[in-house]
Amino acid sequence: MLLFCPSSSAWQSEGFVSFLESQGKTRWTIKQTKNYAIKYGHILNTGDASELMSLRTRHNALSALANLAKYQGRYQVFLEIRQRYALKWTSGNDSLQTLQRFFNPELSLDTMLDWVRKAIAALPADMASIIKFNCLTGLRPAEAVESVRLLNSGNLGCQYYNPERQALEHFRFPEIFLRRTKKAYLSFITCEQLSAIGVLDCKNPIPTIPTPTHNAIRLACRKRSLKMDMRYCRKIFGSWLHSQSGIATEEIDFLQGRVNPSVFSRHYLTPSQDLKSKVIEALEQLQRQLL
């Protein structure tokens, strides 16, 4: 039997946010959890979880419901619903979705590059710079925005970019880039590339552009009737490094914040000595494609 669900304002309050903060969750995770709780929180009240059966982001929805149920003292209700619908944390369709994506002509490298070029040409300079930056770093969209914000924050930007290593050292800001399930460690990129795309002048590290939010960029694309998703930038980065430079997939995974769980990857794999030079050379070629 389902228990009474408190009014939505009761768990959208500071109390729910404080509950999430007490678990050591990052600002991004808290925002995502709250948004999914708002969207699917009614399931704890109705007991009808049918809408989650084919949801691609089921893991996020279940995590939000679990946290909401714990906050409300109704975790047993969540467990009963999950058992009734045999809900697993993954959708079970990953292999099929991968196959569909592989044969989707709209997600070919050339098509995504064309969409990105159109967005760069149509959007304001500050937004176009972030999209170029996103393609050259392979970060997740929100990470790319935060990265540019750090670069344009005076002393923090100096601590963030290592000119000797020619890399953005994301690991120095774990509260932003080392989340529980999504991580970013390092991005190779030269001062000249940062300057060319209008993100940072390494010789004069002062703010050069304002930093619009990911949502502002998304809405600007929609306003201009552009079928563009900043997630394409991350796909372009990985596909370009693999197809144009032959960089190992394990190395690309690392550059995009993924660590393969295999024993070999965790204990024996070491990057090639020329990895940085190969990445930078490939990014120079990619940068020319974005113009």
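- Within 6.0 Å of CD on Gln83 lie no more than 12 heavy atoms contributed by other residues, nucleotides or ligands.
- Rounded to the nearest 0.5 angstrom, Gln72 CD and Leu65 CG are separated by 9.5 Å.
- Applying the salt bridge (charged side-chain N to carboxylate O under 4.0 Å, His left out) definition to pairs two or more places apart or across chains, those involving residues 160-171 are Arg165-Glu169, Glu169-Arg172.
- With hydrogens and angles ignored, the 3.5 Å screen pairs a side-chain donor or acceptor of Asn67 with a backbone N or O of Ser63.
- Tyr75 meets the side-chain hydrogen bond (donor to acceptor under 3.5 Å, both in side chains) test with no other residue; sequence neighbours excluded.
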Would Phe78 and Leu68 satisfy side-chain contact (heavy atoms from CB on, under 4.5 Å), going step by step from the backbone distance to the final call? CA-CA 9 Å; Phe78 167 75; Leu68 176 58; over 6 Å; no
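- Relative orientation of the Tyr185 and Phe254 rings is parallel, given thresholds of 30° and 60° on the angle between their planes.
- The same ILVMFWY cluster, assembled from side-chain heavy atoms under 4.5 Å apart, contains both Leu44 and Met53.
- Between atom CZ of residue Phe133 and atom OG of residue Ser187 there is a gap of 6.5 Å, rounded to the nearest 0.5 Å.
- A donor atom on one side chain and an acceptor atom on the other are not found under 3.5 Å apart for Thr111 and Tyr232.
- Side-chain contact annotation: Asp110 with Ser108, donor-acceptor N/O pair under 3.5 Å absent.
- Tyr40 meets the side-chain hydrogen bond (donor to acceptor under 3.5 Å, both in side chains) test with no other residue; sequence neighbours excluded.
- One hydrophobic cluster, built from ILVMFWY side chains closer than 4.5 Å, cannot hold both Leu219 and Ile217; they sit in different ones.
- Between the side chain of Asp126 and the main chain of Thr211, no donor-acceptor pair closer than 3.5 Å is present.
- One hydrophobic cluster holds both Leu168 and Phe171 under the rule that ILVMFWY side chains link at heavy-atom gaps under 4.5 Å.
- The two residues Val145 and Pro212 have their closest heavy-atom pair at CG1-O, 3.5 Å.
- For Ala122 against Leu226, the heavy-atom pair with the smallest separation is CB-CD1, 3.9 Å.
- The distance from atom CZ of Arg82 to atom CG of Leu87, rounded to the nearest 0.5 Å, is 7.5 Å.
- Legend: salt bridge (charged side-chain N to carboxylate O under 4.0 Å, His left out) pairs involving residues 212-225, not counting sequence neighbours: none detected.
- When all heavy atoms are compared, the tightest approach of Asn134 to Met230 is OD1-CE, 3.1 Å.
- Contact check for Glu51 versus His42: side-chain heavy atoms found under the 4.5 Å cut-off.
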Review item, side-chain donor-acceptor pairs of residues 275-287, under 3.5 Å, at least two apart:
unit_1	atom_1	unit_2	atom_2	d
Ser277	OG	Asp274	O	2.8

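- Although no hydrogens or angles enter the test, the distance criterion places no donor-acceptor pair under 3.5 Å between the side chain of Arg231 and the main chain of Pro141.
- Counted by atom type alone, Tyr36 and Thr57 present one or more donor-acceptor pairs between their side chains at under 3.5 Å.
- Side chain of Asn35 to backbone of Lys31: a donor-acceptor contact under 3.5 angstrom is found.
- With a 4.5 Å cut-off on side-chain heavy atoms, Phe177 and Lys182 do not count as touching.
- Between Leu290 and Val116 the shortest heavy-atom distance is CD2-CG1, 3.9 Å.
- The aromatic rings of Phe173 and Tyr160 sit perpendicular, their planes meeting at an angle over 60°, well past the 30° parallel limit.
- Each salt bridge (charged side-chain N to carboxylate O under 4.0 Å, His left out) pair with one or both residues in residues 141-150, not counting sequence neighbours, appears once here: Arg27-Glu146, Arg140-Glu143, Glu143-Arg179, Glu146-Arg149.
- Closest approach of Lys34 to Phe16, counting heavy atoms only: CA-CE2, 4.2 Å.
- Using a distance-only test at 3.5 Å, with no hydrogens or angles considered, a donor-acceptor pair links the side chain of Arg234 to the main chain of Gly138.
- Looking at Leu52 and Tyr85, their side chains never come closer than 4.5 Å, going by heavy atoms from C-beta outward.
- Here the side chain of Ser153 pairs a donor or acceptor atom with the backbone of Leu150 at under 3.5 angstrom.
- Of all the heavy atoms in Ile252 and Gly238, the pair that sits closest is CD1-O, 3.7 Å.
- No side-chain donor-acceptor contact under 3.5 Å links Ser147 and His170.
- Listed for the Ser195 side chain is no donor-acceptor partner under 3.5 Å among the backbone atoms of Cys191.
- To the nearest 0.5 Å, the span separating CD on Glu250 from CG on Leu255 amounts to 12.0 Å.
- Using a distance-only test at 3.5 Å, with no hydrogens or angles considered, no donor-acceptor pair links the side chain of Thr33 to the main chain of Ala64.
- Taking OG from Ser243 and CD1 from Ile236, the interatomic distance works out to 11.0 Å, rounded to the nearest 0.5 Å.
- In this structure, the separation between OG on Ser239 and CZ on Phe237 is 10.5 Å, given to the nearest 0.5 Å.
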